[in-house]
*Asks:* 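Below you'll find the structure I mean.
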Number of protein chains: 2
Amino acid sequence: MSLATSAGAGNSPERLHSPRVLGTTTADRLKEAAIIEFAERGFHATTTRDIAARAGLSPAGVYVHFPSKEDLLYAITLTGHEAALEMLQEAAADSPTPTDALRATVGNFARWHAEWFRDARVVQYEFPHLSHDHREHILDLRKQINAVVADILEAGRVAGDFDIEDVPATTLAVLSMAVDVCRWYDSEIRRSPESIGSSYGELAVRLVSRR
Amino acid sequence: MSLATSAGAGNSPERLHSPRVLGTTTADRLKEAAIIEFAERGFHATTTRDIAARAGLSPAGVYVHFPSKEDLLYAITLTGHEAALEMLQEAAADSPTPTDALRATVGNFARWHAEWFRDARVVQYEFPHLSHDHREHILDLRKQINAVVADILEAGRVAGDFDIEDVPATTLAVLSMAVDVCRWYDSEIRRSPESIGSSYGELAVRLVSRR
DNA sequence: GCGCAGACTAAGCGCTTGCTTAGTCTTCGA
DNA sequence: TCGAAGACTAAGCAAGCGCTTAGTCTGCGC
């Protein structure tokens, strides 16, 4: 499993691809505030006043940096999906065999959902609240994310390493396990994101390996 | 895999435990309207006017039958969790071996999430919006649901049929696959709920079987 | 037939929300 | 130092929201 060592500016070197810049600018502080609030309450139950207060601004301050509340959600979900996609592509590229690639991608994906569980909750569960065009763009990125794992499974099937009846369905099942981590994970959980990632990588390999 | 043959009143005999009465009373019509609206938009972005209109009532009509919008959500999530729990308990009780039990419970759970994907979305994703006491009660039911599957995995581990390092974590991973079905399933999907249930039951068994 | 209870409505209330406006303050570059 | 641009504020707007109130209508039981 590869650890991120070339992550973006401001990223803690032990954590996977940050889905946000750990912020010093006001816009970054606003994004972080919104992530916390959206993850806890959901997009619609979070007010711009909540976000502004958490970022230490007046309510109108949000509009200096983002044209609307929906644009703020879009900025968050876009950055998050791009970070996840990049991480998966790197993990896949760093792996010589389909089995290694599967272990690395699913393991990292699960770990990422734990490490950045608030960001991931917004990314996974709040994007349907975007306006139509924004949502379409996010759905494209999601298809790309899905395709990284599907391609690995197909390569393994063709190579005879994996025993899979239905690649798209298995892709979904495997991704589901990893995505769902952000739903149940929180700061009180006594398992480290690395440990979760490691076991999910093994579970994924076990699920598809030829017996 | 057992099909429901003793489901509640008004239930289609081909579908698993209905999480709602298919309604003729106004209260049932309101619950159904709310399920559709909440599943599509989420609790907070759904107005009582939306629900009332879909049920063919005036906005104040909601309050004749439910004391608040939150009570309506509680009624839906309570019935849904109880139906899911009952279905899992029956599937587990009908199975002679841990392997059969696992295949039946996970398979039925996945199928149920597909068949009743709108109800399941409300049940799985909207309950955090409940008031504190209501939410605590729902969390109790969720623990019971979790325990049905965890007990099967533990029985299989002890019997030597399953090779599992961490029963709670594996329970979560297995349930995650099934729960996530309601996120991606919709009426346009060209796989039947039965087929989804069948393959998820097999995937779960494959994930834990001793090799 | 009559009266009562329950289902339901139209109208409205008080509050909240996303956002705008008109200003002030701060920072940067010439 | 000065002026301009950008960051930010206090105040407010229009619309919408969950819910209440005072009535009407309908069905049921005596």
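The sequence lines fix the lettering, A, B, ..., with proteins before strands; numbering per chain opens at 1. Worth knowing before you read on, the calculation uses all heavy atoms, side chains too, and leaves out hydrogens, waters and symmetry mates.
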*Asks:* When you check the side-chain N and O atoms of Ser95(A) and Asp100(A), is any donor under 3.5 Å from an acceptor?
*Replies:*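 Per modelled atom types, Ser95(A) and Asp100(A) side chains form no pair under 3.5 Å.
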
*Asks:* Between P on dC19(C) and NZ on Lys69(A), what's the gap in Å once rounded to a whole number?
*Replies:*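 So the two atoms are 8 Å apart, to the nearest Å.
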
*Asks:* What are the residues of residues 58-66 of chain A, sorted by number, that bring a heavy atom to within less than 4.0 Å of DNA chain C?
*Replies:*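 Heavy-atom cutoff 4.0 Å gives Ala60(A), Tyr63(A).
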
*Asks:* Strictly below 4.0 Å, N to O, side chains only: are Arg111(A) and Glu115(A) in salt-bridge contact?
*Replies:*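 So Arg111(A) pairs with Glu115(A) through a salt bridge.
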
*Asks:* Is the Phe109(B) to His113(B) ring centre distance short of 6.0 Å?
*Replies:*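 Yes, the ring of Phe109(B) comes within the 6.0 Å limit of the ring of His113(B), centre to centre.
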
*Asks:* A side-chain contact here means heavy atoms from C-beta on lying under 4.5 Å apart; do Tyr125(B) and Arg183(B) qualify?
*Replies:*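 Contact flag for Tyr125(B)/Arg183(B) side chains = yes.
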
*Asks:* Within the 4.5 Å heavy-atom criterion, are Gln124(B) and Arg142(B) side-chain neighbours or not?
*Replies:*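 Gln124(B) vs Arg142(B): side chains touch.
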
*Asks:* When you compare the side chain of Trp112(A) with that of Cys182(A), does any pair of heavy atoms fall below 4.5 Å?
*Replies:*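 Of all side-chain heavy-atom pairs linking Trp112(A) with Cys182(A), none is under 4.5 Å.
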
*Asks:* Walking along DNA chain D from 5' to 3', note the first and the last nucleotide with an atom under 4.0 Å from a heavy atom of chain A, and give both.
*Replies:*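 Nucleotide range with atoms under 4.0 Å of chain A: dA7(D) to dG12(D).
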
*Asks:* Side chains of Leu175(A) and Leu172(A): does their closest heavy-atom pair fall under 4.5 Å?
*Replies:*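 No. Closest side-chain heavy atoms not under 4.5 Å.
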
*Asks:* Just so I know, are the side chains of Val148(B) and Gln144(B) near enough to count as touching, which here means a heavy-atom distance under 4.5 Å?
*Replies:*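 Counting from C-beta outward, Val148(B) and Gln144(B) never come under 4.5 Å.
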
*Asks:* Measure the distance from NE2 on His129(A) to P on dG18(C) and round it to the nearest whole Å.
*Replies:*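 Going from His129(A) (NE2) to dG18(C) (P), I get 13 Å.
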
*Asks:* Please walk me through it: do Ser199(B) and Arg191(B) pass side chain to side chain donor-acceptor pair (under 3.5 Å)?
*Replies:* CA-CA 11 Å; Ser199(B) 68; Arg191(B) 287 178 72 195; 2.9 Å; yes

*Asks:* Could you list by number each residue of residues 35-49 of chain B showing a heavy-atom separation from DNA chain C of less than 4.0 Å, or answer none if no residue does?
*Replies:*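 Close to the strand are Arg49(B).
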
*Asks:* Rounded to whole angstroms, how far apart are CG on Asp50(A) and C1' on dT17(C)?
*Replies:*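 Between C1' of dT17(C) and CG of Asp50(A): 11 Å.
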
*Asks:* Does any part of the side chain of Phe43(A), heavy atoms only, come nearer than 4.5 Å to the side chain of Lys69(A), both counted from C-beta?
*Replies:*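 In short, these two side chains touch, coming nearer than 4.5 Å.
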
